[in-house]
Each structure stands twice: as C-alpha cells, then as structure tokens.
4 protein chains.
Amino acid sequence: MGVVKSKRMPRAVRERQMMDAAVRTFGQLGYRAASMDEIAELAGVSKPLVYLYLNSKEELFTACIRREAKALAEAVRAGAQPGLPADRQLWAGLNAFFTHTAENPDGWAVLHRQARTHGEPFASEVAAMRDEIVAFVTGLIGAAAREAHRDRALPDRDVAGLAQALVGAAEALAGWANDTPGVSAKEAAATLMNFSWAGLENLMNGRPWQAQA
Amino acid sequence: MGVVKSKRMPRAVRERQMMDAAVRTFGQLGYRAASMDEIAELAGVSKPLVYLYLNSKEELFTACIRREAKALAEAVRAGAQPGLPADRQLWAGLNAFFTHTAENPDGWAVLHRQARTHGEPFASEVAAMRDEIVAFVTGLIGAAAREAHRDRALPDRDVAGLAQALVGAAEALAGWANDTPGVSAKEAAATLMNFSWAGLENLMNGRPWQAQA
Amino acid sequence: MGVVKSKRMPRAVRERQMMDAAVRTFGQLGYRAASMDEIAELAGVSKPLVYLYLNSKEELFTACIRREAKALAEAVRAGAQPGLPADRQLWAGLNAFFTHTAENPDGWAVLHRQARTHGEPFASEVAAMRDEIVAFVTGLIGAAAREAHRDRALPDRDVAGLAQALVGAAEALAGWANDTPGVSAKEAAATLMNFSWAGLENLMNGRPWQAQA
Amino acid sequence: MGVVKSKRMPRAVRERQMMDAAVRTFGQLGYRAASMDEIAELAGVSKPLVYLYLNSKEELFTACIRREAKALAEAVRAGAQPGLPADRQLWAGLNAFFTHTAENPDGWAVLHRQARTHGEPFASEVAAMRDEIVAFVTGLIGAAAREAHRDRALPDRDVAGLAQALVGAAEALAGWANDTPGVSAKEAAATLMNFSWAGLENLMNGRPWQAQA
DNA sequence: AATGAATGAGTCTTCATTCAT
DNA sequence: TATGAATGAAGACTCATTCAT
C-alpha cells in the first residue's frame, strides 16, 4: 500500500546488511570516525535495530573483523592447491590473496589498517587470522624443506618474521598496483613471487622464479 | 625530591615537551582516540597552552608526522654508507631503519599505523617520506644490477615494484619487531636481508645471504 | 501539582518550544551571549535534541529571524486596510505594527536589535522583511500623493527617502515603547502619525493630525 | 639600533591608541565577538598593557561608549547655532549629526548598535547621550513654541517620543544614504528636515520646509 | 520486527584574565 | 613602562546508547 520500504526482513538478511554497511564505513573511516548513525543509515535501518542485533559498536566492529578475517583466510585456503610443489602453492595462494583483497578493499582495510590501529579488544582478533597465514606459509616452507630433503627446518621465529615480511610486501604492492596505472594484480603477484622466492640476487643475475618452470 | 612541575619555560622547550607527549599519545591511541586533554596533561601544561603554540589537533598531528618523518629519513640517510657494494649498503640502511624504529616506537607508530589510517591531510604527509625511502632503495637495486655487469638491466617498472615490496616488508617487520618482545633490530634486519636478497628458495636450501661474505 | 516536564512529544511541538525559548534568549541576550545550554534548558529539553532538530546555533538563529519576520510582516499586512485613504491606511498599519511588536517584544528585539548587529548571514535575512515594509509604505505615500491631485508627483527618490525615514522612526519608537513602561501601542502610533503626517511645525502650532478628521 | 617599535610612549598616547583600536573592533564585531587579543594587536601593544591601563573588557567598552557619546554630543552642540530660529537650528544640528556619524562610523556603531544590544552596564551608559539629544530637541521645540507664542508646551513624554522618532529616522536615512549611490549626506539631511518639520501632508501639498526661507 | 524521541558524557576550541620579570 | 608565559572556565557540537511504543 504505497511505497515499499523493504521492511520485516528475516533477521539473517538484516544482519548481513548491517555488517556490510559497517565494514564499508569502518574500512573507510576507521573505528572511531565511523558513527553508528552513519552505519544505520547506510544499512537502511534505524539505529535501535542495529543495537538490537549487534549490541554495541565494539561488538559490531569485532563481528566485522571476524567475518572479514574468515572470508580472507578461506579465500587463500581455497586458492592454494595442496599437492603442488611449494612454490606453485605459494604462487596460487598469493594470487588468491591479491584477488580477494582487490575485490574486498573495505574488508581488507578493516583487517589490515583499522583493526591493528585500535588497541586491545581488536588487535588480538586480527592476530588469529595473521596466525593462520603464518601457519600457511610455515606449512609451505616445511613442505619445501622436506622436498629439499633438508633435516633442519627454519626456526619458528624466523618463519613468523618471514610471514610478516611477505604480508607487508604484499600490502605495499597492492597499494602500488592500485596507484600505478597499468599494473595488474597478476603482475603484482608475479613481482612479489620473484622477490620472495628467487631473491634480489638471483633476479639481478638473470635467474628469476619461473611460474612455468 | 621528585619531579618539580617546572613553570615558565621558554617556548621552544615547552613546544618540544608537547610534541613528545603528542607523539606518544597519538602513537598509542590513534588520532581520534587521543584527546587534547590527555596530551596536555602528559606534557604537564594546560590545554590552552597547547592551542596557543600548536593551533589545533590537526596541526599538532601534522607537526608530529613531519618531525618523526624527518628524523627517520635522516637516520636512514646517515646509516647508509655510500661507496659500499649494494648489498652492504642495503644492510646498513636496514640496520639504521630498524634501530631508529625500535628506539622511537611511538614515532614509528604515528608514521606507519596512525598517519596512514586517518585520511587525507595526513596520508600524503607520510607519503613524501616514504617516497624518499623508496627512491633510495630503487637507486640501490639499480646500482646493484649495474654492478652485476648484466647487459640487460631490469626494466624500470620491475625495479620500482621490487623497491615497493622491500619497503613494505621493512615496514611490516618494524611493527612486528616492536610488538614482539625479544626481537632485536639486528635480527629484523637479518631476516629481511635474507628474505629479500637470497630469496625463500635459497633460504630453504641452506644458502642464506652472508653479512660477511 | 505544578508543571509536569512532559516527555516524548511529537517533533513539531518540541521544535516550537525550542524556537520560543531561542527567540526569548536571543532577544534578551544577543546571538553571542545566548548559550545553547540556556536555550535547551528554557525549552525543557537536552542540548543534543536542539541540535538534532535545528542543527546549529547559526541555523537556529536564522530560523528565529525568519519566523519572527514572517509573523511581523503578516501582522502588518493584515492590519492595513486597503481601500481607505492613505493616512488612515498608514494609521492602521502603524497600529498593527506597534501592537505586534508590543506583544512580541523578544521577537522584535531579535529582528531589530540582534539580527542587524551580528554580521552577515543574519543582517540580510532581516533586510528582506524590512524592504517589504518599506515598499508597502512607499506605495502608501505614492498613493497619497496621487490622491492629492497634484500635477507634479514627488520624485521617486524623495519618496524612497521618506519611506526609509518613516520606517526608521517606527522601528525606533517600537523599541522605545517596549523599553518605556506605560507607553501603549496606540500612543506610539499616534506620536509617529503626528510626527510624520503633520510635521513638527504643525505640531508646535497646535495643528496635529487628527485620527477622526 | 634596528627596528623602531615605538615603545615607551606617554600613557595618554597609548591609551588613545587602545581606545581607537577598541572602538574600531567593538564597532565592527560587537562587544562579545571582539576579543581582547584582537584589540591589543590592533593597538600594537601587549595584552597585559591593555589591562594595566583599562582594567577589563567591560570597563574598556564603557570607556569607548563614553568617549564616543561625548564626541557626538559635542559635535551636535557645536553645529547647532543658538540664536537662529528653531527650524534653522534643527537643520544645523542634523547636518552636524549626519556629518559626524558619517565620519565616525565605528563610533556610531558602538553607540547605536552595540551599546544598546548588550544588557545593563552599557545601555544606561548610552541613555545619557540619548537624553542629551532629547534635551536638545526639547529645547528647540520649547524655543519654537515660544516663538509661536503658544502657552502650552508639548508634554514631556511626547517630546521624548518625537526625539526617538527623529533619531530613528536619522539612522535609517544614514544607512540608506550609505547604501544608495548618489545620495549625499546633505540630501539625506534635507529629506529628514522635510519629513520631520513639514510633515507628509505638507510635502504632498507642495509645501516643503524651505532651508532658505 | 522496528522505530521516533531523547540524553549523559565527552571533545575540540576560545577567551578574559593574571603572574613573574 | 612593558611583555612572554600560562590558565580556569565556559561554549559549540557529537556520539554511543536507551526507552516507550
């Protein structure tokens, strides 16, 4: 009878709308600068409904972090194809990572920029996902080490550092690819693969990592 | 006996106290979460004096970014020793970088975490310094490529991408080293040097980059 | 027993209460000296509600000016009776004007004293209404000149000047009548009618304008 | 020895500089919007010196009102030439008034707009000057009445009302003359003289007041 | 399931005013 | 005579959050 305002939707749908709005707002403005008013309006609902479903700004932000972390981890997991050699697995994982972050810039911003910037309830929330990536890389390196028949694996802390460096390089390349016209996500992935797998010395001596080799 | 809350200090001194307090507060809480009240109290002065000298929260934050960016850039410039081979220069520069960020964790947090997270007057402020460091690394990689006497130098865009990756990795490792107890600047530098120079494949095959070689 | 601080009223009602409080406060203290706290308290609501409905101090003041200007212009329009001879119309209009300003002293103070004293967004807001009244008086004087069957009508610019003088005198008298106990609207109107219609010379020679003549 | 900064001036001179700056600032911005900082800077002295000489913002404003009121009253007194017939005296007084206010717009703004807008210490301060003008007009009318050999003078309250109307008309005409290109101060004075002395009826019947008659 | 009405608490910013020299 | 250094108090504005329906 008149304007349809899409009311009375099932809870799950409404919740998803709110989370979408929240991820977008948090990702673009940050935790503090984002306001519940803005999120509610972007979600097309009233503020009390947001509170009814998600309780508080803090819980809402936490829920966003969890959702996006899960989605990213799953994307990387799904992209990497177990059974391939370690370098091909890394290549596949990086491609999945770059593709997912390019398609979900706000989610990535929430995870990478915002969650780590705002103190304690949140930082440890992201740590879980970081640990998962670290575990993925660790596993890769372990597998590679076994392939190479080496007895001594790299120490754990070294692996954690390498994972940090890899993610940092990936994020920098993602930003650079976005800002530099003509650089595709795949090219960025190749650059990172070369950088991380072959190392600068090999690159300078004409021995890059070969995707097809 | 105890700290005398000394009064009537010359402007330059007070300004430095305020900036110190601001860097610490902004670095730990972020731009939005930090309050001018908190900064003033930490500096041991009243709020109006902060405004009298530094005009506004935005200008204060910008001043912090500029001061810390300048200090970091100068530290890296001073650490790198022109004349050495490229890998030794890189090693020296990384050491200077990680040492400075370890000694100024709040300043580094302001630059890396906070300034880039909080929109536009600030992001471009840091970008300038970052570009300077990227240019430095780009030069290093180019020089190394020439030293290798290869006929075909790496294409410019590849070099730029590698530099971005290297700087991104360094940034991530600096944050990680600050947050992880027991990781020294030298260890972080070594991890990154191995990662970037030798590459993962060499690492896993027991052929790391050798600082003394 | 006593005023119940009733809650949960419809927006339109609350808005009117706020505007009433604002007109009173602005009229008595001026734009700068009036505080939003004071207005909110006088309206019986919390400050955020004032902001929710009226956005800012500036918009609130502007809204007050518009409301009071509209009310005054309508009162004068309704009071003047087209069809009467010019002097009778003027007399009727003046009576309406002085009656309205006497009944709405704060509104009049907002228009005459405060709005014109506080710079540019506001001054031009009142100017529109003032011009409307000046145009009304200009028309009256022109009509009266035509009624007098004179061949040479007064030059336009002279008429405009006279209208300005008349309105200015009316404005001053309204303020004076409000501030001086015991001066009724009718007395003010009579004083001005004598002054403007008969002129000082006639007054001093015992020939005032006669309402009934 | 370097820049002359005009220091160590006698107190009277410094005080005049401060008052000049204050009149200008108060006149343009109003009592509340004017800041002591601004006044001190415009006067070319430090703030504590303003306080040393003039004690407080309130006293400073009061001093401004007194100075400007005295100057205006003296200008009008000096312009009016006792001994002339009443209408010529009024003409001379109006000319002096218009001339003075045109030459001292800030002083006039302080008296007319600002002082009356800001509550009680100040309003009564201006009242003194208003009374002086009322007394001037009253005297004129009394003289004219004697010239006309009338026994009964106009009641006091009527005279006060007439003075209010006259000043109101004068201020309106001053504003109008300033805003309308080509209208000189003298023309404005003539318009007001006609309006107030001859009255509208006489004007419309071709019997204006004659400056030379 | 959903919302219009409402607020306590806090943040940035300004200003008149004083102290020590 | 003159000022650089400093602050208490207040004011505009925002926001996360709740209540009544």
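In what follows, chains are A, B, ... by sequence order, proteins preceding strands, each numbered from 1. This one's a predicted model, so the numbers in the text were calculated from it and none came from an experiment.
A residue-by-residue look at B/K47 and A/N55 shows that B/K47 has its nearest nucleotide of DNA chain F further toward the 5' end. Along DNA chain F, the nucleotide nearest B/P48 and the nucleotide nearest C/S56 are compared for position; the residue whose nucleotide lies closer to the 5' end is B/P48. Taking for each of C/L49 and B/S35 the nucleotide of DNA chain E with the nearest heavy atom, the 5'-most of the two is the partner of C/L49. With the nearest nucleotide of DNA chain E identified for both C/L52 and B/A34, C/L52 has the one nearer the 5' end.
A straight line from CG of A/D37 to C1' of E/dA6 spans 13 Å, rounded to a whole angstrom. Rounding to whole angstrom units, CZ of residue B/F61 and P of E/dT13 are separated by 14 Å. Atom CD in C/E59 sits roughly 11 Å away from atom P in F/dT14 (whole-Å rounding). Distance, D/Y51 OH to E/dC19 P: 13 Å, rounded to whole Å. Atom NZ of B/K57 and atom P of E/dT13 are 8 Å apart (whole Å). Here the P atom of nucleotide E/dA20 and the CE atom of B/M9 are 17 Å apart, to the nearest Å.
Contact check for A/I65 versus A/F26: no side-chain heavy atoms found under the 4.5 Å cut-off. A 4.5 Å side-chain heavy-atom check between C/E125 and C/F61 finds every atom pair outside the cut-off.
Listed by chain and residue number, A/D37 satisfy the salt bridge (charged side-chain N to carboxylate O under 4.0 Å, His left out) test with A/K47 (two or more places apart in sequence, or in another chain).
One side chain, B/S124 or B/E120, offers a donor N or O that lies under 3.5 Å from an acceptor on the other.
Heavy-atom contacts from other residues, nucleotides or ligands closer than 6.0 Å to CZ of D/R66 number 12 or fewer.
Within the 4.0 angstrom heavy-atom criterion, only backbone atoms of the sugar-phosphate kind lie near B/R11; the bases stay farther away.
Among the duplex regions that DNA chain E forms, those built from at least three successive Watson-Crick or G-U pairs under 3.5 Å are E:2-21 with F:2-21, ordered by first number.
The two residues A/T117 and B/Q114 make their nearest non-hydrogen contact at CG2-OE1, 2.7 Å.
Neither OP1 nor OP2 of F/dA5 sits under 4.0 Å from any side-chain N or O of B/R14. Between F/dG11 and C/R32, no contact under 4.0 Å exists linking OP1 or OP2 to a side-chain N or O.
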